[in-house]
Amino acid sequence: MGVSANRKFAGSYAEDPMCGRIALYTPPSRLARLLDASLDEELESEGGPSWNVAPSQTMLALVEPRPDDSAASSEAAGRVLRAFRWGLVPYWAGDPSIGNRMINARAETVASKGAFSSALSRRRCLVVADGFYEWQRDPVNPKRKVPYYFVRADGLPLTLAGLWERWQPPDRPEALLLSCTVITTSAGPDIEFVHDRMPVVVEAPDFDRWLSRAERDPEAVLPLLRPAPAGTLRSHPVSSLVNSPRNDSPELIVEVEAPPPEEPVPTLFD
DNA sequence: CCAGACGTTGTT
DNA sequence: GTCTGG
DNA sequence: CCAGACGTTGTT
DNA sequence: GTCTGG
């Protein structure tokens, strides 16, 4: 058994696509086709369409299967689309709650952190998303946050640099938890007006290098962890309904009018 | 060497 | 497992 | 990331 | 303020 699951990939999907929080509503079969991957056997029972995937919930990611992996024995399958819990739980962890604090890894430091070192060498993945949300903080009133939705400008699904792990409870070796984290870097030109960080976007020509199990030298893959160049992403402001992880509907990605910036509050010294 | 931690974000 | 700190 | 809770004892 | 849960 795999991963924590909380929704079913069944029934209605958005027909067309038009970190953190992401959206993942394109059906797995279509994602696999678009990304030239095969579907993990257990995928159909894991997760479901969501416009508001939060840490601790199920994400989908591409991995290169091991040669002995059952998913690899089926046909071409250079890569497999598989379900993971968002929040990395290293296999040496005594308690899976560590995953709550491992939802991102910084590209600048990932190679020098004990918690990520092993996964960076041997367990890299590409987190698949239709889009992701970033919150713009009002410089006058930092408590006021305006959410923006980001997608690829070319309409393809996002493929975000990630790491994954397998974890087994000490007392229940049969209960396998697959988990993952999203690598972040400084914001590129498409994003910096909202936020100073962004998830690392990996482009199709780099998929094989990032996913390669044979490549165990972090130095060989770190150059891929760079901000997305201008024009990669497009974005629009969305409703603050997305703020609550309890809300989940297509309405969350609908463009709304950006609220005007808050007027500076006069102070005694103005 | 051993022991102990293993993370990022944003905010002040 | 792997890194940092002592 | 944001929202929401923030606790222990003992009893069923 | 800080931690947990989604």
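Residue numbers start from 1 in every chain, and the chains themselves are labelled A, B, ... in the order their sequence lines are given, proteins ahead of strands.
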In whole Å, I'd like the distance from the [atom1] atom of [X] to the [atom2] atom of [N].
| X | N | atom1 | atom2 | result |
| --- | --- | --- | --- | --- |
| A/Leu252 | D/dA3 | CG | P | 13 Å |
| A/Phe132 | D/dC1 | CZ | C1' | 12 Å |
| A/Trp86 | B/dG7 | CH2 | P | 18 Å |
| A/Arg21 | B/dT8 | CZ | C1' | 15 Å |
| A/Ile183 | B/dT9 | CD1 | C1' | 16 Å |
| A/Ile98 | B/dT8 | CD1 | C1' | 13 Å |
| A/Glu108 | B/dG7 | CD | C1' | 13 Å |
| A/Lys145 | D/dA3 | NZ | C1' | 9 Å |

Would A/Val146 and A/Ile22 show up in the same hydrophobic cluster when neighbours are defined by side-chain heavy atoms closer than 4.5 Å?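 Yes, it is one cluster - the side chains of A/Val146 and A/Ile22 are joined through contacts under 4.5 Å.
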Taking atom [atom1] in both [N] and [M], what distance in whole Å separates the two?
| N | M | atom1 | result |
| --- | --- | --- | --- |
| E/dC3 | B/dG7 | C1' | 14 Å |
| B/dT9 | D/dA3 | C1' | 15 Å |
| B/dT8 | D/dC6 | P | 29 Å |

Show your working on salt bridge (Lys or Arg N to Asp or Glu O under 4.0 Å) between A/Arg152 and A/Glu203 and close with a plain yes or no. CA-CA 11 Å; A/Arg152 285 190 64 102; A/Glu203 299 292 339; 2.9 Å; yes
Answer whether the closest heavy-atom distance between the side chains of A/Arg21 and A/Pro245 falls below 4.5 Å.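 A/Arg21 vs A/Pro245: side chains touch.
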Can you list the residues that meet the ring pair (Phe, Tyr, Trp, His ring centres under 6.0 Å) rule with A/Tyr148, with sequence neighbours excluded?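 Here the qualifying residues are A/Phe193.
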A/Tyr133: partners by ring pair (Phe, Tyr, Trp, His ring centres under 6.0 Å), with sequence neighbours left out: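 Residues passing ring pair (Phe, Tyr, Trp, His ring centres under 6.0 Å) with A/Tyr133: A/Tyr149.
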Taking atom types as modelled, find out whether A/Thr185 and A/Arg226 have a side-chain donor-acceptor pair closer than 3.5 angstrom.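 Absent: no donor and acceptor within the cut-off.
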Tell me the partner of C/dG1, counting only Watson-Crick (N1-N3 plus N6-O4 or O6-N4) or G-U wobble (N1-O2 and O6-N3) with both under 3.5 Å; none if nothing fits.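 Partner of C/dG1: B/dC6.
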What's the closest nucleotide to the A/Trp135 side chain, out of D/dC2, D/dA3, B/dT9?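 That would be D/dC2.
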side-chain N/O [X] vs [N] OP1/OP2, d < 4.0 Å:
| X | N | answer |
| --- | --- | --- |
| A/Arg197 | B/dT9 | yes |
| A/Asn243 | D/dA3 | yes |
| A/Thr184 | B/dT9 | yes |

5' to 3', nucleotides 1-6 of chain C under a 4.0 Å protein heavy-atom cut-off (B base, S sugar-phosphate only, - none) gives BBSS--
Are there more than 12 heavy atoms of other residues, nucleotides or ligands under 6.0 Å from atom CZ of A/Arg213?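 Yes, the 6.0 Å shell around CZ holds more than 12 heavy atoms from other groups.
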Can you tell me how far the CD1 atom of A/Ile253 sits from the NE2 atom of A/His236, to the nearest 0.5 Å?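 Answer rounded to 0.5 Å: 6.5 Å.
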May I ask you to say what [X] touches in the nucleic acid, namely base, sugar-phosphate or nothing, with a heavy-atom cut-off under 4.0 Å?
| X | result |
| --- | --- |
| A/Pro142 | sugar-phosphate |
| A/Ile103 | base |
| A/Arg106 | sugar-phosphate |
| A/Asp196 | sugar-phosphate |

